[in-house]
Colleague: 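Please find one structure pasted underneath; my questions will follow.
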There are 2 protein chains.
Amino acid sequence: MGRHREFDVEKALDAALCVFWRKGYEGASYADLTEATGVERPALYSAFGNKEALFRKALDRYYTHYLDYIPVALDLPTAREVAAHILYQAADLNTRYPDHTGCLGIHGVLAGSDDAEPVRQALIDARAAGEAQLRQRFERAKAEGDLPETADPEGLALFVLAILHGMAVQAKAGFSRERLERVIDQALSTWPTAS
Amino acid sequence: MGRHREFDVEKALDAALCVFWRKGYEGASYADLTEATGVERPALYSAFGNKEALFRKALDRYYTHYLDYIPVALDLPTAREVAAHILYQAADLNTRYPDHTGCLGIHGVLAGSDDAEPVRQALIDARAAGEAQLRQRFERAKAEGDLPETADPEGLALFVLAILHGMAVQAKAGFSRERLERVIDQALSTWPTAS
DNA sequence: CAGTTTTCATAATGATCGTTATAGTAACAA
DNA sequence: TTGTTACTATAACGATCATTATGAAAACTG
């Protein structure tokens, strides 16, 4: 069957993920990726395919290994707890690693050349999927009486996601976790109540 | 004194600004810039300097020609009016031009290669300047009794800017102005009142 | 052991990046 | 008109981009 791989694929993928997290899709070069992973270029191509495929695998890993608090949050009993848990966990994640602040899922959405359009669209789709999950959760909360009849589940979902995206930008601009949490406190200050 | 310039410098700068708006600093190539401006490369270098200088001039123009609603907003009588005016104007600007949605000032903050670090820092600084302006305005509002004693001017400024940044991301993801305004409505529903 | 297969490391591919040298042309001053 | 100046346009520069031939080394099977 031939020779075995010398490097750990999972570790290499995580290292590549961190590079993308810091520099975005187009900002990360193969020189960066080989240095961070300790793996030469042909080995990266052999293990992951081309750059776009590598990024998509890194994005998958990001959702399963770093955004794992989202499914946990969606199972919490009240809409407010769902929102608060997601927001505070995101603030922590956005500032946990000084070398790659912010959110990988957001960094590729904004700017880039036309070549990066497929990647940008993939990130937009992933963002929209998260929005749909949150909206459905808030619709359930309204049906359960956890949110008042006057509440707007979709508006709340859009609002929570706007805060998430805003925090990602602010974290990239160097905000501390404490400053992000002040944003959250303000956002949650008058969450609609069913009383 | 020699030959006169054939192209309109202001028009060329505005065309370049729109390219940066859509693709960010590194995503915009000189091929894009020459096509959009109708000006050959050496003429761009002669008129504006290198790419970084051109971007900085475009950023200046962005603030003076497109973010001109900010100084207007800061002069409104109440903090809530200030926030509402800025947010609604931003929602409009973020969705006004289908070819370049979102906010130029945000697109460069997030990801990019190490070469773009000076530009990223310039955008971060500009963002911080806006934050300071808004914080000072809210501090004044608190002193004037327009905001309650319990209000946190800096927290409110951070919050408003988070919404702005979040909307920029959402606009780039294709949100309509109506959807952005639902975010704003939710954000302003948490606004503290002096009563 | 030999034979096969896969990985590894070096280096080269064509394309595109930002930047400029060069040559030609148009508009000024004298 | 003549000389000079500053613009325009073509094309080339070295560097870097993502991608891949190439050949040597290593680990499996029989």
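The structure displayed is predicted, hence computed values, not measured ones. Below, all heavy atoms of this structure are taken into account, side chains as well, without hydrogens, waters or symmetry copies.
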Colleague: Taking the six-membered ring for Trp and the full ring for Phe, Tyr or His, determine whether the centres of B:Tyr30 and B:Tyr45 are under 6.0 Å apart.
Modeller: yes
Colleague: Using whole Å, what does the distance between atom C1' of nucleotide D:dC28 and atom CZ of A:Arg5 come to?
Modeller: 15 Å
Colleague: How long is the straight-line distance from NE2 of B:His165 back to CD1 of A:Ile106, given to the nearest 0.5 Å?
Modeller: 13.5 Å
Colleague: Nearest heavy-atom pair of A:Ala73 and A:Val82: which atoms, and what distance?
Modeller: O-CG2, 3.2 Å
Colleague: C:dC8 P sits how many Å from A:Phe7 CZ, rounded?
Modeller: 5 Å
Colleague: Below 4.0 angstrom from OP1 or OP2 of D:dA6, is there any side-chain N or O of B:His4?
Modeller: no
Colleague: Please list residues of residues 27-56 of chain B whose heavy atoms come under 4.0 Å from any atom in DNA chain C, ordered by number; otherwise none.
Modeller: B:Ala28, B:Ser29, B:Tyr30, B:Arg41, B:Pro42, B:Tyr45, B:Asn50, B:Lys51
Colleague: Run the salt-bridge test on A:Asp146 and A:Arg80 with the 4.0 Å N-O cut-off and return the result as yes or no.
Modeller: no
Colleague: Please round to the nearest 0.5 Å and tell me the distance separating atom CD of A:Gln121 and atom CG of A:Asp125.
Modeller: 5.0 Å
Colleague: Looking at B:Arg179 and A:Glu131, does any basic side-chain N land under 4.0 Å from a carboxylate oxygen?
Modeller: yes
Colleague: Return the value, rounded to whole Å, for the distance between atom CG of B:Asp114 and atom P of D:dA15.
Modeller: 19 Å
Colleague: Using whole Å, report how far CZ of B:Phe20 lies from P of C:dG18.
Modeller: 9 Å
